[in-house]
Amino acid sequence: MKKIKIKKGHDINIAGKARIDSISEKFPETVSISPVEFNYIKPKLLIEEGQSIRIGEPIFYDKNNPSVKWPSLASGVIERIEFGERRAILNIITRIDYESEKIQTSSTTNLSSREEVINFLLDKNLFPFIQKRPFDMVANPAEKPKAIIVSFANTAPLGTDFNFSLSGEKKYITEGLKNLKHLTDGKIYVAVNSSQFDFVDDLEFVEKIFVEGPHPSGNIGVILNHVDPINNKDIIWTIKPQHLVILGKAFSYGIYDFKTTINLAGPGVKNPSYISSRLGANINNLCKDDLVDSSLRIISGDVLTGKHTSIENFLGFYHSSISVILESFNRPFIGWLHPGGKSKYSVFNAYFGTNKKPFEFTTLQNGSHRALVPIDAWEKVFPMNIYINALVRSIEAGDFEEMEKLGIYECSEEDVALCSFVCPSKTDVAGIIRKGLNMIYLDK
Amino acid sequence: MKFLKNIFEKTGKLVEKGKPLSWAYPIWEAADTIFFSTDSQTKSGPHIRDNMDIKRTMFFVVIALIPCYIFGAYNIGYLYSNALNIDSSFIPSFLFGLKYVLPILITTFVAGAICELSFAIIRKHEVNEGFLVSCALIPLTLPPTVPLWQVFIGTAFGIIIGKEIFGGVGTNIFNPALTARAFMYFAFPTKMSGDKIWAIGVDGYSAATALSVPANPKNYDTASNLFSNITQFDFSNMNLFWGLIPGSIGETNKLLIILGGLFLIYCGIASWRIMLSSIVGLILTATILNLLAPFSTNAMLTITPLQHLLIGSFLFGIVFMATEPVTSSHTNRGRWIYGFFIGFLTVIIRSINPAYPEGVMLAILIMNMFAPLIDYYIIQSNIKMRLGRNA
């Protein structure tokens with residue numbers, strides 16, 4: 001077991017943390033899968049509105065990589081397909097038929113080679129659960145990764161505590177890891193941040209990494225930067241912990257079970273709690289009675305990296321939480337002179353008596369956008385061996401070679417989200433990193 | 001409040017995109033957000049943001065400067081009453097000094113605002129609050145007798161040549177406030193140097209600064225002896241620290257500067273690395289020169305490290321000027337090197353350059369110039385490490 005101790009970073013003390021006691025079960029009426037969520041794919045639909053579909057059947061594929069197909073997250077009828085600008089597919093909505101879903105034939109498989117595991121995942125349309133770094137996109141089955149990493153250490157603000165939400169799933173996690181091991185000749189890393197987590201202790205092929213420290217210590221990019229950095233042309237595959245369970249069930253019994261436990265949290269939720277539901281569930285079905293009566297922003301994912309969505313929308317494919325914050329258009333008089341207190345939160349010592357109590361964050365940007373003044377704010381919350389300021393400048397200058405040299409492949413939006421959070425100039429650092437990745441990816 | 005809000009709402013409609021007055025939007029935005037915090041919303045992730053913004057950052061630097069202003073004004077009055085042998089209690093002295101400080105301050109702000117706002121309109125960028133700090137810094141670096149028209153031209157030069165022609169805040173190479181001061185020093189030498197300008201007295205009253213004492217000694221002696229021979233002012237270490245001596249308006253009281261520096265470090269705005277390494281550089285260089293002093297007739301070599309710290313504008317420079325985030329080094333390792341060389345160059349310029357005894361201004365400007373180079377080499381080492389891994 002390796003240990004990494006991370007000092008730079010910040011655990012945002014945000015109000016509305018979900019209680020870790022019970023998990024209530026909610027059954028959504030509809031589910032959706034949203035092709036726009038997946039970076040760089042060209043989706044081609046395999047179904048049409050009104051058609052009935054069974055769970056796991058292919059629903060669309062990627063024109064760039066036709067062998068990778070996405071599964072239907074439920075049995076039922078395709079109710080609606082929503083299109084956005086330039087016919088981007090926003091949502092493929094299925095009304096769930098719980099009765100017909102029960103009928104699934106189980107089968108046992110014994111997979112013993114990389115080829116068999118890949119073919120199993122492609123045949124079962126489960127390949128999109130595997131993501132890759134760099135670029136943070138769905139993996140390419142033709143590529144062989146240097147290593148595979150799963151991080152159970154979710155340090156994001158209001159992030160799901162996987163030690164709790166996956167506590168009964170040891171069998172499937174083990175089964176998932178055992179099969180995924182065939183996919184790489186390299187190591188399988190499993191990152192944890194709790195000593196209670198012992199799921200992988202008896203798997204000798206797993207390299208367990210114990211992380212300590214504030215967010216973003218549990219992020220894959222940060223962990224890899226410390227133990228096995230991504231070099232040019234390196235490929236790392238990663239799987240979200242909740243998806244490992246889904247894959248584990250498929251490997252064990254050959255069945256589809258897209259159940260997942262999420263947490264509903266944030267200052268805009270009356271009773272922040274854990275909910276057992278399924279991937280792509282309708283958000284309205286999950287939380288309609290639990291929201292405070294106010295103007296709200298609903299975020300699929302955590303408050304740093306999640307997607308701005310709405311009550312009629314759906315839980316994101318890769319997301320394990322729904323965060324709700326209050327919208328605010330409050331404009332205090334001479335706000336820059338404010339002494340501090342309960343209404344302010346800052347990682348700088350610029351206000352009196354802040355940060356002690358859980359803070360009710362709102363959607364306010366808390367300042368206007370200004371030119372970049374490097375007062376070392378990003379560096380204090382960015383625990384990677386990368387000069388982030390220089391990297392951002394090289395992206396803004398469009399200097400591809402410099403970006404690569406400065407380590408853009410090691411970064412993803414989630415790793416720099418805290419930089420955007422603290423930036424006094426309100427620079428969108430995460431957006432700039434994605435812009436740089438896009439430039440490189442689309443140029444290739 | 002409601003009234004003000006209404007005014008801004010109404011005028012805001014006039015400067016919207018597509019309206020004839022849309023060119024004035026940056027000015028309207030700057031004024032509007034001074035009175036009422038912006039209600040800009042986060043768009044994509046992160047959906048929440050820290051409460052610190054550039055307005056507050058810059059405002060805090062100005063707060064750190066206020067004590068220097070108060071003491072500076074008092075010091076002018078104090079020295080005046082000492083010269084005339086009249087009452088030197090705080091309030092009258094302060095009010096007397098204020099008559100000199102306030103016009104200079106107003107002039108810099110008018111000149112600074114005109115330049116910043118016109119460039120914001122022409123270049124269509126936001127009005128960056130950084131110019132407030134530059135304008136607040138400039139008067140503190142000037143002698144109280146400076147003519148206002150020179151202040152105006154100097155400030156305009158500092159903001160335009162020091163900042164705007166490089167693209168404004170965030171892309172400038174030289175500290176605008178120091179650029180202004182350096183320009184004034186070289187353009188108007190009679191009003192910026194000599195021993196007639198540092199204190200107000202009767203006509204022709206001369207008051208030499210501490211630095212000029214060992215710089216122009218009548219007979220060679222050690223700096224400490226030269227200081228104690230001066231009867232007009234008390235140049236003991238203690239009084240150099242308290243600052244009741246002639247000098248630029250804001251630099252004489254070291255206690256207030258140190259407090260200001262600690263405040264900025266505590267808030268996380270200024271880099272302690274730069275301040276500390278400058279002091280280390282100064283002490284090391286001064287110690288070496290002390291060892292060389294017996295071989296020379298230059299009295300400046302005999303100034304002890306402590307005296308170097310206390311005389312002149314060194315502390316003011318490293319706390320408020322050298323730490324300017326844009327023009328200093330951007331990497332932490334670079335900041336150590338950058339600061340060290342400021343300390344080193346300050347002592348070298350003070351000791352070895354006979355024409356100009358105060359070295360900190362040029363030391364910082366020279367290191368401003370080298371900061372990108374230092375960063376370049378630091379970042380190259382990171383790149384080499386990464387390339388080494390690829391191989």
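The sequence lines fix the lettering, A, B, ..., with proteins before strands; numbering per chain opens at 1. Scope of the values below: all heavy atoms of this structure, side chains included, with no hydrogens, waters or symmetry mates. As the structure is a prediction and not an experimental result, all values here were calculated from the model.
Residue A/E413: no heavy atom, backbone or side chain, is found under 4.5 Å from chain B. For a residue to count as touching a neighbouring chain, one of its non-hydrogen atoms must lie under 4.5 Å from one of that chain's; by this rule A/I299 touches chain B with the side chain only. For A/I386, the parts lying near chain B are the backbone and the side chain together; criterion is any non-hydrogen pair under 4.5 Å. Of the atoms belonging to A/E410, it is side-chain heavy atoms, and not backbone ones, that fall under 4.5 Å from chain B. In this structure, chain A has no heavy atom under 4.5 Å from any part of B/N172. Only the side chain of A/F359 comes within less than 4.5 Å of a heavy atom of chain B; its backbone N, CA, C and O stay farther away. With a 4.5 Å cut-off on non-hydrogen atoms, A/D234 does not touch chain B at all. In this structure, the portion of A/I230 lying under 4.5 Å from any heavy atom of chain B is its backbone and not its side chain. With a 4.5 Å cut-off on non-hydrogen atoms, A/S323 does not touch chain B at all. In this structure, the portion of B/K5 lying under 4.5 Å from any heavy atom of chain A is its side chain and not its backbone. If you measure heavy-atom distances from A/K307 to chain B, the contacts under 4.5 Å come from the backbone alone. Neither the backbone nor the side chain of B/D375 comes within contact range of chain A, judged by heavy atoms closer than 4.5 Å. Within the 4.5 angstrom heavy-atom criterion, no atom of B/S271 approaches chain A. For chain B, the nearby part of A/I14 is the side chain; its heavy atoms alone come within less than 4.5 Å. Proximity to chain B (any heavy atom under 4.5 Å) is shown, for A/I334, by both the backbone and the side chain.
Electrostatic pairing of A/D228 and A/K146 counts as a salt bridge here, judged by a charged N lying under 4.0 Å from a carboxylate O. With respect to A/E402 and A/R393, no salt bridge is recorded, no charged nitrogen being found less than 4.0 Å from a carboxylate O. Using a 4.0 Å cut-off between charged nitrogen and carboxylate oxygen, B/D32 and A/R331 count as a salt-bridge pair. Taking the charged nitrogens against the carboxylate oxygens, B/R333 and A/E379 have no contact shorter than 4.0 Å, which rules out a salt bridge.
With 3.5 Å as the limit, one finds no donor-acceptor pair spanning the side chains of A/Y318 and A/E37.
In terms of heavy-atom pairs under 4.5 Å with chain A, the best-connected choice from B/E324, B/M52, B/M385 is B/M52. Contact count against chain A (heavy-atom pairs under 4.5 Å) is highest for B/N51 among B/D53, B/T33, B/N51, B/T42. Put simply, of B/I379, B/N128, B/V326, the one with the most heavy-atom pairs under 4.5 Å next to chain A is B/N128.
Minimum heavy-atom separation, B/T327 to B/A371: O-CB, 3.6 Å.
Aromatic ring orientation, B/F35 versus A/F333: parallel (interplanar angle below 30°, classes split at 30° and 60°).
At a heavy-atom separation below 4.5 angstrom, chain A is approached by B/F59, B/F60 within residues 59-70 of chain B.
Note that CG of A/L337 is 11.5 Å distant from NZ of B/K55, once rounded to the nearest 0.5 Å. Rounding to the nearest 0.5 Å places CD of B/Q41 at 11.5 Å from CZ of B/R49.
Of the possible polar contacts, one joining the B/R386 side chain to the A/L406 backbone as a donor-acceptor pair under 3.5 Å is found.
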